[in-house]
Amino acid sequence: MDVSDIFDNLNEAQRQAVTSESAHLLVLAGAGSGKTRVIAHRVAWLVKALKNSPHSLLTVTFTNKAANEMKGRIESLIGQDMADFWCGTFHGIAHRLLRRHWKEASLRKEFAILDSEDQYRVIKRVCKSMGLDETKWPAKQIQWYINKEKDECRRANQSEAGNDYFIEQMTKVYLEYEQLCERESLVDFGELLLRTLILLSTNQDLLSHYQKRFKHILVDEFQDTNEVQYQLLFLLKGKESSYTAVGDDDQSIYGWRGAKSDNINRFTQDFSGTDIVRLEQNYRSTQTILDAANSVIKNNQSRMGKELWTNQKEGEKISIYSAYNEDDEARYVVGTIQSWADQGRALDETAILYRSNAQSRALEEVILREGLPYRIYGGQRFYERVEIKNAMAYIRLIYGREDDAAFERVINLPPRGIGTKTLDVIRKKAKEENYSLWKASCDLIKNDGLTSRARGSLSRFMKDLENLQTEIENLELKKVVDHTIQRSGLIEYHKKEAGEKGRTRVENLAELVSAAGDFEPELEDEETPILKSFIDHAALDAGEEQAEEHESAIQLMTLHSAKGLEFPLVLITGFEENLFPHRLSIAEPGQLEEERRLCYVGMTRAMEKLCIIHAEMRNLHGMETFNPPSRFLREIPPELTVEIRTGGAVSRKSFEAKGIIVQGEIPETDLVLGQRVVHEVFGEGVILNYEGHGANARVEVNFDSSETKWLMASYAKLRPI
DNA sequence: TAAAGTGAGGTTTTT
DNA sequence: CCTCACTTTA
């Protein structure tokens with residue numbers, strides 16, 4: 001294979017980054033400048049040109065999706081076996097290390113991973129046992145506190161309470177929680193990282209082994225690293241290791257969960273001999289979109305400074321639409337997308353972005369009404385769904401009876417007459433004897449510590465589980481899962497559930513079976529049984545890929561989850577003060593700047609056309625709220641925008657009030673509002689509304705079929721009658 | 001013990 | 001307005 005393949009289609013700066021031979025490398029890569037590409041090509045270059053073994057490379061990303069994508073790209077670029085190549089998320093890699101060195105990390109061999117819901121439940125359990133008032137000390141807040149502490153590398157005994165009552169109290173719970181996790185060998189997400197950090201820093205042999213192994217460490221989205229992640233990277237730095245950090249301080253939007261974009265600056269100081277390469281050529285967006293995004297982000301004080309440019313054409317102006325309310329907003333959005341589709345473009349080229357998930361509802365309703373296919377990202381992920389978590393709890397219990405969280409989850413699911421009272425007795429017994437709920441149940445049944453009714457139900461439950469265990473022995477994973485959801489009664493239970501809900505739950509369970517069929521554990525060690533690998537996978541990978549629809553659909557998502565994606569047509573909704581920037585972020589300058597970066601991220605997702613919509617009035621929490629247009633709107637130079645119908649011919653409100661057809665000429669066209677026209681396909685109708693002018697004019701026509709459509713005037717070939 | 005009613009609270013998200 | 005968690009009732 002020819003090494004030049006690796007350089008094809010790279011620009012000068014990219015090539016410089018890919019082939020840099022300085023001790024360390026920092027790539028400051030603007031949005032759409034080919035940052036993932038640089039990492040993939042650099043790995044390829046290290047392997048193909050410099051003959052590094054894949055074994056000596058480590059690539060770290062933040063999401064599983066990004067890791068998979070990266071791996072795929074690299075493999076297709078190199079075209080050789082990369083079995084020994086570590087490429088994963090921080091958590092995935094930490095997990096791998098802990099599984100390998102569980103003994104040194106003082107864990108049990110079969111330690112379990114707590115996802116955030118499991119963690120929440122455990123914390124609740126701890127609070128209860130401490131007799132804490134739940135209303136005064138919400139478990140959610142405690143969870144947040146503990147995770148924050150772990151992100152900052154602090155154990156419970158390392159917090160400085162001073163005489164702060166709040167911290168003192170939090171620390172107490174943290175301590176209890178820590179002990180419980182220790183006792184049951186439970187590891188939450190933060191713990192994966194912190195424990196790995198401690199494992200390596202207290203184990204010189206292990207540390208130098210990995211320091212020697214990893215000659216090149218490459219980190220994507222560096223601006224999103226938090227304290228513990230940074231320290232982990234720093235710790236792994238050996239005499240010969242060389243680091244590549246790629247990031248964009250302007251796209252740091254996760255400060256609120258502990259990410260420190262300042263780690264970029266820290267990197268240049270801690271890793272001496274760092275070469276800095278800036279990627280400022282954007283391959284994604286038109287000049288107009290880029291100019292607008294640049295002038296918004298320029299208002300931030302704390303920046304490393306960077307200006308994107310492109311070779312692309314100026315492109316269309318940015319449409320600004322002032323909607324009357326959220327319903328009008330949704331109609332405009334859908335209308336714009338429809339005319340996009342009318343021009344023969346695909347629906348999956350379009351994305352509707354919003355600040356908070358709650359905004360998706362109004363949009364969804366209108367899309368649904370128009371019968372367009374759509375897909376909402378975010379929200380509930382596959383392995384987080386209750387029915388899936390329940391099924392997984394059975395599987396966890398089959399794997400190991402000591403799993404109290406799983407036990408509590410399914411002991412009465414489907415309902416089998418074991419209520420809180422019985423469970424309390426079991427809990428108490430377990431606590432007294434300091435062993436698992438399962439063992440406690442065994443003893444209670446033997447020693448007759450229960451009412452006969454509870455005893456019957458409980459022993460039936462336990463016997464069922466034992467039977468299930470023997471039945472699935474030697475079956476392949478898919479069959480195990482299938483068998484489990486059948487025999488546990490979960491399928492029956494959800495089938496009985498009313499309406500749509502029950503049906504989708506049954507479907508999801510079926511999906512779980514097929515996910516199990518497709519599941520391939522990471523090879524590495526044959527010691528771990530596949531069942532355990534599958535359980536870990538479910539905790540570590542929320543399963544964004546699952547149940548994906550393949551039909552070309554409109555994409556709906558929050559601004560946060562749009563990061564890293566691109567779409568030809570992007571519509572950002574809810575561009576209002578108190579919504580975006582969010583009410584809670586306005587007061588503090590640091591948070592406001594993060595909101596602005598979020599805005600920058602959103603705008604730079606657009607390739608060809610960007611629309612920004614704000615509503616004059618919006619129903620929020622059941623109240624009519626009037627918010628002025630977002631300050632970010634004023635930061636976009638007016639010459640880059642077209643305001644659609646502002647102070648113009650049509651007053652939305654009067655139009656709304658009474659389907660009156662407003663009169664008026666549509667600029668630079670031969671059409672007039674209220675005019676009867678005929679369309680080749682849709683037949684005759686009346687022009688109700690318009691926006692834009694000349695070649696860009698779009699008109700709303702109410703056809704005699706009573707259907708109303710937004711059409712591009714220049715494409716629709718409307719003939720006046 | 002299981003199903004209907006009451007009331008607070010309602011950024012952003014990954015692992 | 002809508003969701004959720006928790007409380008009351010059959």
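These values consider heavy atoms only, across backbone and side chains, with no hydrogens, waters or symmetry-generated copies. So that the names make sense, note that chain A is the first sequence line, chain B the second, and so on, each numbered from 1.
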field: Contact pattern, 5' to 3', of nucleotides 2-8 of chain C - B, S or - by protein heavy atom under 4.0 Å
entry: SS--S--
Summary of protein contacts for nucleotides 8-13 of chain B, nucleotide by nucleotide, where a base hit scores B, a sugar-phosphate-only hit scores S (4.0 Å, heavy atoms): --BBBB
message: Among A:T61, A:V219, A:L192, which residue satisfies the side-chain contact (heavy atoms from CB on, under 4.5 Å) criterion with A:F90?
response: A:V219
- prompt: In this structure, which one of A:I376, A:T573, A:L571 forms a side-chain contact (heavy atoms from CB on, under 4.5 Å) with A:L556?
  reply: A:I376
Please measure how far the [atom1] atom in [N] lies from the corresponding atom in [M], and state the result in whole Å.
N      : M      : atom1 : value
C:dC4  : B:dT13 : P     : 15 Å
C:dA5  : B:dT12 : P     : 15 Å
B:dT11 : C:dC6  : C1'   : 24 Å

message: If you assign each of A:I418 and A:F62 to its closest nucleotide in DNA chain B, which residue comes earlier from the 5' end?
response: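 Counting from the 5' end, the first nearest nucleotide belongs to A:I418.
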statement: Assign each of A:P415 and A:F90 the nucleotide of DNA chain B bearing its closest heavy atom; nearer the 5' end lies the nucleotide of A:P415
Please check this pair: side chain of [X] against backbone of [Y], looking for a donor-acceptor N/O pair closer than 3.5 Å.
X      : Y      : answer
A:N578 : A:R583 : no
A:R618 : A:N325 : no
A:E576 : A:A615 : yes
A:Q143 : A:S116 : yes

field: Check against ring-ring contact (aromatic ring centres under 6.0 Å, His included), A:H91 and A:F62
entry: CA-CA 8 Å; A:H91 293 86; A:F62 275 83; 8.5 Å; no
Within 45° of the six-membered ring axis of [Y] and under 6.0 Å from that ring's centre, is NZ or CZ of [X] located there?
X      : Y      : answer
A:R257 : A:Y254 : yes
A:R99  : A:F111 : yes
A:R96  : A:W86  : yes

- request: Quick one: label A:S457 by what it contacts on the DNA or RNA (base, sugar-phosphate, nothing), any heavy atom closer than 4.0 Å.
  value: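 Here A:S457 touches no strand at all.
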task: Select base, sugar-phosphate, or nothing to describe what A:N412 touches, counting heavy atoms under 4.0 Å on all strands.
output: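 Sugar-phosphate, backbone atoms only, no base.
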Can you tell me how far [atom2] of [N] sits from [atom1] of [X], to the nearest Å?
X      : N      : atom1 : atom2 : answer
A:F189 : B:dT14 : CZ    : C1'   : 8 Å
A:N619 : C:dC1  : CG    : P     : 8 Å
A:Y383 : B:dT14 : OH    : P     : 16 Å
A:N325 : C:dC1  : CG    : P     : 15 Å

- request: Using a cut-off of strictly less than 4.0 Å between a heavy atom of the residue and any atom of DNA chain B, enumerate the qualifying residues of residues 221-235 of chain A by number.
  value: none
query: Taking NZ, NE, NH1 and NH2 as the nitrogens, is one of them in A:D118 or A:R121 under 4.0 Å from a carboxylate oxygen of the other?
result: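 Salt bridge absent between A:D118 and A:R121.
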- prompt: Are the aromatic rings of A:Y383 and A:H537 close, with centres under 6.0 Å apart?
  reply: yes
- prompt: Any side-chain N or O of A:N64 under 4.0 Å from OP1/OP2 of B:dT15?
  reply: yes
query: What form does the base of B:dT11 take, syn (within 90° of 0) or anti?
result: syn
